[in-house]
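Residue numbers begin at 1 in each chain, while the letters A, B, ... track the order of the sequences. The figures here come from the full heavy-atom set of this structure, side chains too, leaving out hydrogens, waters and symmetry mates.
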2 protein chains.
Amino acid sequence: MGVARAYLPVMQRPFVHPAVEDVTLESVLYALADPTRLEIVKKIAGGTCALNCSSAAPADLPKSTQSHHFQVLREAGLIRSERRGTEVVNALRCAELEKRFPGVIASILKASEKTKKR
Amino acid sequence: MGVARAYLPVMQRPFVHPAVEDVTLESVLYALADPTRLEIVKKIAGGTCALNCSSAAPADLPKSTQSHHFQVLREAGLIRSERRGTEVVNALRCAELEKRFPGVIASILKASEKTKKR
DNA sequence: TTCGGTAGTTCAAGACTTTCGAACTATTGA
DNA sequence: TCAATAGTTCGAAAGTCTTGAACTACCGAA
């Protein structure tokens with residue numbers, strides 16, 4: 001009979017996400033204050049389905065930097081990540097965040113669109 | 001006759017504020033992402049009149065740190081500062097910011113009030 | 001009119017963060 | 001089974017934050 005494996009290999013460990021009530025406004029603002037991360041969030045928010053890391057991040061961003069930014073976004077409670085075989089798909093936690101901080105994410109995304117085109 | 005003084009003493013130089021159209025969303029989010037600065041902005045926003053630096057900042061914050069945070073807020077376009085004798089009075093640039101980034105500041109301030117009480 | 005207190009600035013050093021290359025782990029498809 | 005793909009971890013270099021110390025400017029009292 002299969003002995004329970006105490007430690008899952010690193011690349012199989014499920015991601016940990018904060019409960020929505022533990023998400024802080026400051027961590028959300030902090031996460032969005034970085035231009036690269038705002039870019040990522042915009043890309044995820046703009047699409048209709050969850051995106052893997054590489055396609056959500058700016059084209060030439062080193063992978064180690066990508067990993068770091070996705071971790072910050074995840075720990076801030078902005079995105080939910082799930083492993084799908086070799087890739088990680090990421091979705092914005094829109095509805096939850098809207099309930100917790102009404103208007104915040106929506107107004108920021110809207111403002112960032114307008115600001116973008118110059 | 002009074003010779004024009006080329007350089008005003010440091011402590012008399014007027015503050016420089018960015019024009020509202022040069023304010024970027026990222027600099028605003030960056031400025032608000034710091035808990036101390038969010039605290040300061042909340043205090044300024046909550047009052048009915050402009051506040052000097054010492055009374056807008058958390059009680060035990062070292063003055064050099066205060067100075068730094070007010071500079072960040074000013075350069076981000078969030079506050080307008082003016083010298084009044086020995087002190088500096090600070091006001092939120094509410095109306096201008098609301099026009100440039102509708103809902104952003106308002107929703108953040110609102111969310112921060114709710115979050116505060118725990 | 002000078003002196004003490006108050007308000008804020010500047011500078012430099014130590015602590016903390018960010019970024020990124022290199023080496024690694026898992027999974028998939030040929 | 002092997003190469004390619006997707007992401008993680010580590011450590012070092014570069015960058016940013018925080019703070020004490022020394023400073024400037026202004027104000028009010030004696």
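- Judged by the 6.0 Å and 45° rule, A:R83 forms a cation-pi pair with A:F15.
- Each of A:T65 and A:E87 has a nearest nucleotide on DNA chain D; the 5'-most of these lies closest to A:E87.
- Here the C1' atom of nucleotide C:dT9 and the CZ atom of B:R74 are 10 Å apart, to the nearest Å.
- In this structure, CG of B:L61 is placed 15 Å from P of C:dA7, rounded to the nearest angstrom.
- Atom CG in B:N52 sits about 15 Å away from atom C1' in D:dA25, given to the nearest Å.
- Side-chain atoms of B:S27 and B:T24 include a donor-acceptor pair closer than 3.5 Å.
- Checking C:dT19, C:dC20, D:dT19 against the side-chain heavy atoms of A:H68 singles out C:dT19 as nearest.
- Rounded to an integer number of Å, the gap from NZ of B:K63 to P of C:dC11 is 17 Å.
- Distance, A:R83 CZ to D:dA6 C1': 10 Å, rounded to whole Å.
- One atom, CG of A:L51, and another, P of D:dG7, lie 11 Å apart when rounded to the nearest Å.
- Here B:E82 pairs with B:R84 in a salt bridge; the nearest charged N to carboxylate O distance falls below 4.0 Å.
- Look at A:E96 and A:R80 and you find a salt bridge, because one of the NZ, NE, NH1 or NH2 atoms lies within 4.0 Å of a carboxylate O, short of that distance.
- For B:C53 and A:V72, each mapped to the nucleotide of DNA chain C holding its nearest heavy atom, the one lying further toward the 5' end belongs to B:C53.
- Both B:L97 and B:L25 are part of a single hydrophobic cluster, where members link through side-chain heavy atoms under 4.5 Å apart.
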Considering only nitrogen or oxygen atoms on both sides, find all protein atoms under 3.5 Å from nucleotides 26-28 of chain C and state each distance.
| unit_1 | atom_1 | unit_2 | atom_2 | d |
| --- | --- | --- | --- | --- |
| C:dT27 | OP1 | A:Q12 | NE2 | 3.3 |
| C:dT27 | OP2 | A:Q12 | NE2 | 3.2 |

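- Taking atom CD of A:Q71 as the reference point, atom P of D:dC10 lies 11 Å away to the nearest angstrom.
- Dashed line: the shortest gap from a side-chain N or O of B:H69 to OP1 or OP2 of D:dT18 is under 4.0 Å.
- Looking at B:S64, its side chain comes within 3.5 Å of the base of D:dG20 through a donor and an acceptor atom.
- Put simply, NZ on B:K99 and SG on B:C94 are 13.0 Å apart, with the number rounded to the nearest 0.5 Å.
- Rounded to whole Å, the distance from CD1 on B:I40 to P on C:dG8 is 11 Å.
- Residue contacts for A:S67: at a heavy-atom cut-off of 4.0 Å it reaches a base atom on one of the strands shown.
- Shown here is A:K110, whose NZ atom has no more than 12 heavy atoms of other residues, nucleotides or ligands within 6.0 Å.
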